[in-house]
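Written out below as structure tokens is the structure these notes cover.
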Amino acid sequence: QVQLVESGGGLVQAGGSLRLSCTASGLTSRTYVVGWFRQAPGKEREFVAAITWSGSITPYADSVKGRFTIFRGNARNTVFLQMGSLKPEDKAVYYCAVDISGPLQLDARDYNYWGQGTQVTVSS
């Protein structure tokens, strides 16, 4: 059974930082892509960042480029999202997801497995 467990969300002041983590278990594929998405109240789920198995490809949404960094831990089944210079508009539930099917995609519909989400709140 595939499980994705996120942690690290919380309340932070604007300009602050948070690090989210996503740990995957139960995956038999060794070449899966991990993506981070977020969903704010009343809005659609949107792409934030993704990383290939090798870590060599890491696209970002324009809204977070230069502020967020996605990377894999030494235990390659854990992926982190380091978020800096946070803004109130970054407030959302953040989800990690896994795509086992092929090349890196930015569309949430291409991802096969999802975590439960972690809330990030940024106060102004």
Side-chain angles (χ1 to χ4, degrees):
Q1 182 180 356
V2 176
Q3 276 195 314
L4 301 179
V5 178
E6 302 117 330
S7 63
L11 172 65
V12 64
Q13 287 189 330
S17 300
L18 281 175
R19 178 179 289 188
L20 306 182
S21 67
C22 172
T23 299
S25 61
L27 285 164
T28 56
S29 169
R30 286 289 197 175
T31 58
Y32 55 87
V33 169
V34 177
W36 283 97
F37 295 80
R38 65 186 182 186
Q39 188 166 19
K43 295 189 175 182
E44 293 192 354
R45 192 168 297 189
E46 66 174 0
F47 170 79
V48 176
I51 187 167
T52 54
W53 175 256
S54 67
S56 62
I57 301 175
T58 54
Y60 295 90
D62 287 343
S63 58
V64 307
K65 205 171 290 183
R67 300 188 298 121
F68 291 11
T69 303
I70 188 171
F71 60 98
R72 286 187 182 269
N74 290 334
R76 300 190 65 76
N77 65 327
T78 298
V79 170
F80 299 94
L81 184 68
Q82 180 69 44
M83 306 186 296
S85 301
L86 283 161
K87 305 175 182 179
E89 51 263 43
D90 294 318
K91 175 184 175 181
V93 178
Y94 283 72
Y95 299 89
C96 72
V98 162
D99 176 6
I100 63 172
S101 59
L104 190 146
Q105 304 286 350
L106 308 186
D107 191 328
R109 293 170 295 182
D110 292 307
Y111 285 74
N112 311 103
Y113 302 102
W114 290 81
Q116 80 285 357
T118 185
Q119 177 72 50
V120 171
T121 302
V122 184
S123 62
S124 55

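All residue numbers in this chain count up from 1 along the given sequence.
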Checklist entry - Does some side-chain heavy atom of Pro103 sit less than 4.5 Å from a side-chain heavy atom of Gln105? => result yes
Checklist entry - Can you list the residues that meet the side chain to side chain donor-acceptor pair (under 3.5 Å) rule with Ser7, with sequence neighbours excluded? => result Ser21
Next on the checklist: Is the shortest side-chain heavy-atom distance between Tyr60 and Thr69 below 4.5 Å?
Outcome noted: yes
Next on the checklist: Using side-chain contact (heavy atoms from CB on, under 4.5 Å), reason through Leu27 and Val98 one step at a time and then give a plain yes or no.
Outcome noted: CA-CA 9 Å; Leu27 285 164; Val98 162; 4.1 Å; yes
Checklist entry - What residues form a ring-ring contact (aromatic ring centres under 6.0 Å, His included) with Phe47, not counting sequence neighbours? => result Phe37
Next on the checklist: Please give me the minimum heavy-atom distance between Gly9 and Val120, naming the atom from each residue.
Outcome noted: CA-CG2, 4.2 Å
Item to check | N/O donor-acceptor pair under 3.5 Å between Thr52 side chain and Ile57 backbone | outcome: yes
Checklist entry - Mind checking whether Trp36 and Tyr94 have ring centres under 6.0 Å apart? => result no
Next on the checklist: Given Ile70, which partner from the list Val48, Leu20, Thr58 fulfils the side-chain contact (heavy atoms from CB on, under 4.5 Å) test?
Outcome noted: Thr58
Checklist entry - Do the non-hydrogen side-chain atoms of Val93 and Thr118 ever get within less than 4.5 Å of each other? => result no
Checklist entry - Sequence neighbours excluded, which residues qualify as side chain to side chain donor-acceptor pair (under 3.5 Å) partners of Asp90? => result Arg38, Arg67
Item to check | Under 3.5 Å: donor-acceptor pair, side chain of Asn112, backbone of Ile100 | outcome: yes
Item to check | salt bridge (charged side-chain N to carboxylate O under 4.0 Å, His left out) pairs, two or more places apart, involving residues 68-89 | outcome: none
Item to check | Residues forming a salt bridge (charged side-chain N to carboxylate O under 4.0 Å, His left out) with Lys65, sequence neighbours excluded | outcome: Asp62
Checklist entry - Where do Gln82 and Ser17 come nearest, in terms of heavy atoms and distance? => result NE2-CB, 4.0 Å
Next on the checklist: Run the side-chain contact (heavy atoms from CB on, under 4.5 Å) test on Ile51 and Val33 for me, step by step, so that the C-alpha distance in whole Å, both residues' side-chain angles and the decisive distance to 0.1 Å come before the verdict.
Outcome noted: CA-CA 6 Å; Ile51 187 167; Val33 169; over 6 Å; no
Next on the checklist: According to a hydrophobic-cluster definition based on side-chain heavy atoms being under 4.5 Å apart (Ile, Leu, Val, Met, Phe, Trp, Tyr only), do Tyr95 and Tyr111 belong together?
Outcome noted: yes
Next on the checklist: Suppose clustering is done on Ile, Leu, Val, Met, Phe, Trp and Tyr with side-chain heavy atoms closer than 4.5 Å. Which residues sit in the same group as Phe71?
Outcome noted: Phe80
Next on the checklist: Tell me whether Gln3 contacts the main-chain N or O of Ala24 through its side chain, where contact means a donor paired with an acceptor under 3.5 Å.
Outcome noted: no
